[in-house]
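Here's the structure, in structure tokens; my notes come after.
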Amino acid sequence: MENEEKSLNFIEEIIEADIRSGKHDGRVLTRFPPEPNGYLHIGHAKSIVLNFGLAKKYNGKTNLRFDDTNPVTEETEYVESIKNDIKWLGFEWAEELYTSDYFETLYAYAVKLIEKGVAYVDDSSPEEIAASKGTPTEPGKPTPYRDRTVEENLLLFEEMRSGIYLDGAKVLRAKIDLASPNMHLRDPLIYRIKHANHHRTGDKWCIYPMYDFAHGQSDSIENITHSICTLEFVPHRPLYDWFIEQLAIFPSKQYEFARLNLNYTVMSKRKLLQLVNEKYVEGWNDPRMPTISGLRRRGYTPVSIRNFCERIGVAKRENIIDLGLLEFCIREDLNKTAWRRMAVLNPVKLVITNYPEGKEETLIGENNPEVAGGEGERSIPFSRELWIEREDFMENPPKKFFRLAPGLMVRLKHAYIIKCEEVVKDENGIITEIHCSYIPESKSGEDTSGIKVKGTIHWVSVSHAKTVEVRLYDRLFSVENPVAMENFKASINPDSLEIIENAYVEPDLLHAEPGKGYQFIRKGYFTLDTKSTSSKPVFNRTVTLRDTWAKEIQKG
RNA sequence: UGCCCGAUAGUAUAAUGGUAGUACAACUGAUUUUGGUUCAGUUAGUCUAGGUUCGAACCCUGGUCGGGCAACCA
């Protein structure tokens, strides 16, 4: 097993080639560079697992750098959530850094470009500048300010910093090539005026570098060896390389991979922010959100998310991953770790007519059948009247129905085999009680009855049942690719959340621990919601169990 | 109709000039006190046309299709 050759992704191949050739003396330093303007989502997890994973694999390190060059959208709240999510995922950064730490250096870089005659202050309006850039098929034209002298540019740039100009009055542009086939090289803006309070530098600055002027140089300042980002930055790379060359600074190299897309969800921070602001969800950590905090609240574990990110692979091809793979990963983890408990979500009463009234028994159930020894056990009270799942009974069952129906037998999990004798209905024909007889010799663990039954169902003793709220989640969108819609919000799944106010659970579930996953036997994996209280426990369904019977039914 | 990136089973991802493999999904069957788990098996793929080569998913050329590229966003 250990000598199994795992295939490398294209970035690993590049790194291994670099190590072999002695580039950077074999040093590997990556970075994860979020902008603190929103919460991290599963797509960021892919990048985090990649960047931190690469560093770990090649004995390197990873910096956390906040790309905070736009004070208007950035907040400390986001910084804190991002740090928290990365730690929760199980990663440690080498250094916590901020692009705003480099503002003075970046300013000096800009001055250097001006001195070299390859940057100029432009007084044109945004519209004029856009027009001056031409189109992909037509070259741009210079604005009237392109040929200002170095001295004039130096003075004006200093004045921009001093605060005497209004927002938008002037910008600093790199002087590259207005006819370049790469639009990003047509004299890109590198500094703009924003009289805005920055979450870290306060009012110290009123000019801020553009992302394109900050990102590559920040990598360079930190001596990042492999700067990994998503595909949309491919056309920016020549610009970063140009800055590095002009400034003669450490040559970080950028490599681009395809971002994660998941079906039945949206993955852009802008769209997620809309869902939050327009109250389609409870917040960034709503369990239906693809955010790390949402997945955490939903009951996803760090290991399941890491496994998912490793399984989806890294390449340059556009991709849409099936949500089913994420679900597979969490089931795989929880199956091995979640303690089993019984809960009835949609109850109907079952009476065992030959079980003495007033009699109670304490039955035993192992916590986890996947582990030798079961990780201990808990007691389950049993009595004459039970709640069972309404869907576990059918008056006129189809073939291969292994549950309860008139005349049929099933086993009550951890208890006895019962036989359905009679059905009681109200005046509307709704079933109110199911009467059964039980077989005393069939008790779990000491069954001498010799009877074999096909089905086993879960149950909760009526007099011992505890009432909890259960929240059932489904995919947030009802179409595979909401972004392809004219209005993605129109395809929100109206049934993405079903709240069951009164579900019955076995008493031991009152001792459920926050952050721990429980399998409600035959129903799915659940975890305590962050809003749960001891007086009113609330469970979120993380994911259902695989259900081949439901598939069978659907097929007809 | 300028430039850039890409194209391998339903979805992802390997094979780096020499037997197209893996995972998820789907389907069979076995086991099972969860219609869960586990196990065994089945189905299913190199966008296209040329070229180079003993041999091409891989190299070259043309085409097709998909995605991206112009924000005082990142």
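Order of the sequence lines fixes the chain letters, A, B, ..., with proteins taken first and strands second; residue numbering starts at 1 for each chain.
- Considering only the side chain of Tyr211(A), rA74(B) comes nearest among rA12(B), rG2(B), rA74(B).
- Contact between the side-chain N/O atoms of Thr69(A) and the OP1/OP2 oxygens of rA74(B) is found at a separation under 4.0 Å.
- The side chain of Met183(A) has rA70(B) as its nearest neighbour among rC3(B), rG35(B), rA70(B).
- By the 6.0 Å contact criterion, NZ on Lys443(A) is enclosed, its count of non-hydrogen atoms from other residues, nucleotides or ligands being greater than 12.
- With respect to Trp459(A), the ring pair (Phe, Tyr, Trp, His ring centres under 6.0 Å) criterion is satisfied by exactly one of Tyr438(A), Trp387(A), Phe382(A), Tyr504(A): Phe382(A).
- The residue Thr544(A) sits apart from the nucleic acid: no heavy atom pair falls under 4.0 Å.
- Between Arg331(A) and rG36(B), a side-chain N or O to OP1/OP2 separation shorter than 4.0 Å is absent.
- Here Tyr78(A) and Tyr39(A) bring their ring centres to under 6.0 angstrom of each other.
- Look at Lys551(A) and you'll find a side-chain N or O under 4.0 angstrom from OP1 or OP2 of rA26(B).
- Using a 4.5 Å cut-off on side-chain heavy atoms (C-beta onward), His215(A) and Asp67(A) make contact.
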Dot-bracket for RNA chain B, please, read 5' to 3', with Watson-Crick or G-U wobble pairs under 3.5 Å on both distances, ( ) within the strand, [ ] crossing, | other strand, . unpaired.
.((((((..((((....[..)))).(((((.......)))))....(((((..]....))))))))))).....
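- Across Leu40(A), Asn37(A), Thr291(A), Thr73(A), a single residue satisfies side-chain contact (heavy atoms from CB on, under 4.5 Å) together with Lys269(A), and that is Asn37(A).
- Between Ser227(A) and the options Gln254(A), Lys253(A), Glu222(A), Arg31(A), a side-chain hydrogen bond (donor to acceptor under 3.5 Å, both in side chains) holds for only Arg31(A).
- Between rC65(B) and rU43(B), the distance separating the two P atoms is 34 Å to the nearest Å.
- Proximity note for Phe401(A) (side chain, C-beta onward) versus rC4(B), rA12(B), rG35(B): the nearest is rG35(B).
- Checked by atom type, the side-chain pair Glu128(A)/Tyr145(A) shows no donor-acceptor distance below 3.5 Å.
- For rG36(B), the OP1/OP2 oxygens have no side-chain nitrogen or oxygen of Arg340(A) closer than 4.0 Å.
- Of the residues listed (Trp205(A), Tyr208(A), Tyr98(A)), the one engaging His198(A) in a side-chain contact (heavy atoms from CB on, under 4.5 Å) is Tyr208(A), and it is the only one.
- Within 3.5 Å, a donor on the side chain of Arg403(A) pairs with an acceptor on the base of rG35(B), or the reverse.
- Within 3.5 Å, a donor on the side chain of Ser444(A) pairs with an acceptor on the base of rU33(B), or the reverse.
- The same atom, P, is picked in rA44(B) and in rU52(B); the two are 33 Å apart, to the nearest Å.
- The shortest heavy-atom contact between Phe393(A) and Ala405(A) is CE1-CA, 3.8 Å.
- In this structure, Gln519(A) reaches the bases: a heavy-atom distance under 4.0 Å links it to at least one base atom across the strands shown.
- Heavy atoms of Val314(A) sit under 4.0 angstrom from primed sugar atoms or phosphate atoms, though from no base atom.
- Of the candidates rG35(B), rC72(B), rA74(B), the closest approach to any side-chain atom of Phe402(A) belongs to rG35(B).
- The nucleotide whose nearest atom lies closest to any side-chain atom of Ser7(A) is, among rA25(B), rA70(B), rA14(B), rA14(B).
- Using atom P as the reference point in both rC58(B) and rU53(B), the two lie 16 Å apart (nearest Å).
- Applying the 4.0 Å criterion to OP1 and OP2 of rG68(B), one finds that Arg237(A) has every side-chain N and O outside that range.
- Nearest to the side chain of Pro136(A), among rG2(B), rC24(B), rA7(B), sits rG2(B).
- Between the P atoms of rA49(B) and rA56(B), the separation comes to 14 Å (whole Å).
- Nucleotides rU1(B) and rU64(B), compared at atom P, are 12 Å apart to the nearest Å.
- At the phosphate of rG68(B), neither OP1 nor OP2 sits under 4.0 Å from any side-chain N or O atom of Lys316(A).
- Here the nucleotide nearest the side chain of Trp549(A), chosen from rG35(B), rC4(B), rA12(B), is rG35(B).
- In the set rC3(B), rA74(B), rU34(B), rU34(B) carries the atom at the smallest distance from any side-chain atom of Ile521(A).
- Distances from the side chain of His184(A) to the nucleotides rA70(B), rG35(B), rU13(B) place rA70(B) closest.
- Considering only side-chain atoms of Arg546(A), the nucleotide from rA74(B), rG36(B), rA14(B) that sits closest is rG36(B).
- Base engagement by Val171(A) is indicated by at least one non-hydrogen atom pair under 4.0 Å involving a base atom.
- Side chain Arg411(A) to base rU33(B): a donor-acceptor pair is found below 3.5 Å.
- At a threshold of 4.0 angstrom between heavy atoms, the contacts of Asp547(A) are confined to the sugar-phosphate backbone, with no base atom among them.
- If you check the side chains of Arg341(A) and Asn367(A), you find a donor sitting under 3.5 Å from an acceptor.
- A donor-acceptor contact under 3.5 Å is formed by the side chain of Glu370(A) with the base of rG36(B).
- Residue contacts for Ile417(A): at a heavy-atom cut-off of 4.0 Å it reaches no nucleic acid atom on any strand shown.
- If you check every strand for non-hydrogen atoms under 4.0 Å, Phe233(A) touches a base.
- Nucleotides rG29(B) and rG36(B) are separated by 13 Å at their P atoms, to the nearest Å.
- Contact annotation: Arg311(A) does not reach the phosphate of rU11(B) (side-chain N/O to OP1 or OP2, under 4.0 Å).
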